[in-house]
Each structure stands twice: as C-alpha cells, then as structure tokens.
Number of protein chains: 2
Amino acid sequence: MDDLTEMLKGTLEGCVLEIIGSEETYGYAITRRLNELGFADVVEGTVYTILLRLEKNGLVQVTKRPSGLGPPRKFYALNDAGRKELATFWAKWEYITSRIDKLKEGGK
Amino acid sequence: MDDLTEMLKGTLEGCVLEIIGSEETYGYAITRRLNELGFADVVEGTVYTILLRLEKNGLVQVTKRPSGLGPPRKFYALNDAGRKELATFWAKWEYITSRIDKLKEGGK
DNA sequence: AGCAGTACTCGGTATCACCGAGTACCAGGA
DNA sequence: TCCTGGTACTCGGTGATACCGAGTACTGCT
C-alpha cells in the first residue's frame, strides 16, 4: 500500500493511545505492533514523537525499567486524562467514518 | 462534535473528489454539501485551497459559468487522473479503516 | 574487538486544514 | 439611494502532525 501518511494524521496518535491502553508497553514494541497491524511504514521516530507529545500533554504515566537486552525501556500507561482522550478519539473516529461511508453510498 | 480537523487531514480532499466525481459542481456548493453531510466546521477557505490544489495537480477540468446570483462559478469535473486518484483514495480508506477496526477489536 | 539487534532522542521538512481579511456580484428593503 | 444579506472566489499566513535522517547507547554473540 502506498503512502498513507497524510491519512494517518490525527489517527495514529489514537492508535498509540489504544495500544497503550490495552497494555503497559514501550516505544519500540509499539512500533513493532503497528507494523504487524499493517501500518508497515510507521517508523520509530514517528512513534517517539507521539509518545513525547502524550507525555507532554499529561495523558500517560511513564516508568523506566531496565531491559536486559539494550538500554532501559520507558513504559507507558494511560492515566485518567489519557483514557478520556482515548474515548473521545473513538467517538470522533465513529463520527467521521459514519459520515464518509454515507458520502460513499452517495447518501444525502 | 469538537475539533475534527486533524483527523480530516488527507480525507477531506478525498471527500471533495468524491463529490465532484458524482456531479460537476462548484466550490460554494461543495462547502454546503460537506456542511450538510456533517462536516459542519468546514469553511469555504478550506474547500477552495483543496480545489486549487486539485487543479494544480491536474486532477480536474474547470469551466467558468455565469451565475445569475453573484459572481461567476467555477465548475469542477474529474478527468481521468482525478478518477484514478479517487479510486486510490477509497482503496487507502478501506485499508486504514480495516486496520483500525482490527486494532479496536483488540485483534492481532 | 566488532557487529547486530534493541531502544530512545532530536532538529528539520512537507503536507494539510484552518484562519481571516479581502474582492466582487446581485437582489430587495428602508 | 444606500445598505444589508446571500452568493462566490482569492490569498498570505499559522499550527498540528507524521516523516526523515542521523545520532547515542546498551547488550550479547561471534
């Protein structure tokens, strides 16, 4: 699949929130998860910028833990604000997809 | 519904393509159509920038016609390149929505 | 020692939707 | 006559976001 980056604007952050929300995890693993999910071109740098932003916006709780194979990992978990943000993300997603599907059906 | 703009990046252009593809029409009417479809906050300036971009990228054929009530209208119709672009837009859309739905189901 | 895999950082770029102010044309009412 | 409101398009600038690319650092294996 060719370049999806423009269409991922705004949704990729939601995906990362969802992944963090379902399990406390860290950047490198999140990137792998996104890749195996089908977002093959998403690269580490992108995920880390999202992670930094989430942290800056106070949506996650961060815990640093040693790794065993490599430098220490920064584990991310959602806090209350993060869970709330995730919920609004899904609400927006539902809204947009429903409208676009309607448009696609040639609907009024 | 609160601010959707980030999530519309990349998809709004596709919506405009779809609208033009189903009927030769002009900027002001496209804006109204988007508004009544549920994209309430989309404003004329946004649509016109998209239209200019489509024209610049050679995806549309433009015809100017007098209006009767107001200044002349610029009617837009898809050409072959535009129809092709619209098809790839829908392909990308299908792809992304399917992946995100999978993620949402907690799927592997 | 050197290499590959893991793991995070950071400055810069392009694209896109949005903002806001401006221009222009026409109809009907005060 | 003026002026308000609806129609219709233009354009320079802004902010958010994903991407790029290069760099740093730690570990285990050969």
Side-chain angles (χ1 to χ4, degrees), chain A residues 1-17 25-35 39-57 59-60 62-76 85 89 92 96 99-100, chain B residues 1-17 25-35 39-57 59-60 62-76 85 89 92 96 99-100:
Chain A
M1 175 65 53
D2 42 310
D3 194 29
L4 302 173
T5 78
E6 287 311 324
M7 226 182 263
L8 286 176
K9 295 264 175 88
T11 63
L12 198 53
E13 179 177 317
C15 294
V16 172
L17 277 174
T25 181
Y26 56 99
Y28 190 81
I30 293 171
T31 309
R32 295 289 151 266
R33 179 97 173 85
L34 286 169
N35 293 152
F39 303 108
D41 298 336
V42 173
V43 88
E44 288 156 46
T46 301
V47 174
Y48 288 115
T49 55
I50 292 173
L51 257 12
L52 265 316
R53 191 163 65 233
L54 295 179
E55 188 175 357
K56 198 185 91 192
N57 294 345
L59 302 176
V60 289
V62 189
T63 316
K64 202 168 219 169
R65 300 213 185 91
S67 159
L69 33 62
R73 296 165 175 163
K74 286 176 70 177
F75 280 82
Y76 292 84
E85 183 67 21
F89 166 73
K92 286 188 195 178
I96 289 187
R99 305 299 141 153
I100 297 212
Chain B
M1 176 64 54
D2 42 310
D3 194 28
L4 302 174
T5 81
E6 287 312 324
M7 227 183 262
L8 286 177
K9 295 266 176 85
T11 64
L12 198 53
E13 180 176 317
C15 294
V16 171
L17 277 173
T25 181
Y26 57 99
Y28 191 81
I30 293 171
T31 309
R32 295 290 152 266
R33 179 96 174 86
L34 286 169
N35 292 152
F39 304 109
D41 298 336
V42 173
V43 90
E44 288 157 46
T46 300
V47 174
Y48 288 115
T49 55
I50 292 174
L51 257 12
L52 266 315
R53 192 163 63 232
L54 295 180
E55 189 175 356
K56 198 184 91 191
N57 293 345
L59 303 176
V60 289
V62 189
T63 316
K64 202 169 217 167
R65 299 213 186 90
S67 157
L69 33 61
R73 295 164 175 163
K74 286 176 70 178
F75 281 82
Y76 293 83
E85 182 67 22
F89 165 73
K92 286 188 195 179
I96 289 187
R99 305 298 142 151
I100 296 210

A.B. asks: Measure CD1/Ile30(B) against P/dA17(C) and give the value in whole Å, please.
C.D. replies: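 Value for this atom pair: 13 Å.
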A.B. asks: Of all residues at least two apart in sequence or in a different chain, which pass the side chain to side chain donor-acceptor pair (under 3.5 Å) check with Asn35(A)?
C.D. replies: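 Partners of Asn35(A) under the side chain to side chain donor-acceptor pair (under 3.5 Å) test: Arg32(A).
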A.B. asks: Tell me whether the OP1 or OP2 atom of dA8(D) has a side-chain N or O from Ser67(B) closer than 4.0 Å.
C.D. replies: yes
A.B. asks: Using whole Å, what does the distance between atom C1' of nucleotide dC11(D) and atom CG of Leu51(B) come to?
C.D. replies: 14 Å
A.B. asks: Rounded to whole Å, please give me the gap between OH in Tyr28(A) and P in dT9(C).
C.D. replies: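 Nearest whole value for this atom pair: 15 Å.
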A.B. asks: Grab the NZ-P distance between Lys74(A) and dT24(D) for me, whole Å please.
C.D. replies: 19 Å
A.B. asks: With sequence neighbours left out, which residue pairs that include part of residues 62-73 of chain A fulfil the side-chain hydrogen bond (donor to acceptor under 3.5 Å, both in side chains) condition?
C.D. replies: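 side-chain hydrogen bond (donor to acceptor under 3.5 Å, both in side chains) check on residues 62-73 of chain A returns Glu24(A)-Arg65(A), Tyr26(A)-Arg73(A).
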A.B. asks: So, using side-chain contact (heavy atoms from CB on, under 4.5 Å) as the criterion, who are the partners of Thr25(B) when residues are at least two apart?
C.D. replies: Ile19(B), Ala29(B), Ile30(B)
A.B. asks: Quick one, give me the B/S/- string for nucleotides 13-23 of chain D, reading 5' to 3', where B means a protein heavy atom under 4.0 Å from the base and S means that only happens at the primed atoms, P, OP1 or OP2.
C.D. replies: --BBBSB-B--
A.B. asks: Once rounded to the nearest 0.5 Å, what's the spacing between atom OG1 of Thr49(A) and atom CD of Glu44(A)?
C.D. replies: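 It comes to 12.0 Å.
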A.B. asks: Can you sort out the partners of Val62(A) under side-chain contact (heavy atoms from CB on, under 4.5 Å), two or more places apart, ordered by chain and number?
C.D. replies: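 side-chain contact (heavy atoms from CB on, under 4.5 Å) list for Val62(A), sorted by chain: Glu55(A), Val60(A), Lys74(A), Tyr76(A).
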A.B. asks: Between Lys92(B) and Asp3(A), which heavy-atom pair has the shortest distance, and what is it?
C.D. replies: NZ-O, 2.8 Å
A.B. asks: Look at the side-chain N and O atoms of Tyr26(B) and state whether any lies under 4.0 Å from the OP1 or OP2 oxygen of dA8(D).
C.D. replies: yes
A.B. asks: Would you please name every residue forming a side-chain contact (heavy atoms from CB on, under 4.5 Å) with Asp41(A), sequence neighbours left out?
C.D. replies: none
A.B. asks: Whole angstrom is fine here: how far is it from CZ in Arg73(A) over to P in dG5(C)?
C.D. replies: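 Answer to the nearest Å: 16 Å.
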A.B. asks: Atom OG1 in Thr11(B), atom CZ in Arg99(A): separation rounded to 0.5 Å?
C.D. replies: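 With rounding to 0.5 Å, OG1 (Thr11(B)) is 13.5 Å from CZ (Arg99(A)).
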A.B. asks: Output all residues satisfying salt bridge (Lys or Arg N to Asp or Glu O under 4.0 Å) with Lys9(B), sequence neighbours left out; order by chain, then residue number.
C.D. replies: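 Partners of Lys9(B) by the salt bridge (Lys or Arg N to Asp or Glu O under 4.0 Å) criterion, ordered by chain and then number, come out as Glu6(B).
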A.B. asks: Any N/O pairs under 3.5 Å between the protein and nucleotides 25-30 of chain D? List them or say none.
C.D. replies:
unit_1	atom_1	unit_2	atom_2	d
dT27(D)	O4'	Gly70(A)	N	3.4
dT27(D)	O3'	Gly68(A)	O	3.0

A.B. asks: What is the distance, to the nearest angstrom, from the CZ atom on Phe75(B) to the C1' atom on dT7(D)?
C.D. replies: 12 Å
A.B. asks: Rounded to whole angstroms, how far apart are NZ on Lys64(A) and P on dA7(C)?
C.D. replies: 14 Å
A.B. asks: Rounding to a whole Å, what distance do you find between Tyr48(B):OH and dC11(D):P?
C.D. replies: 13 Å
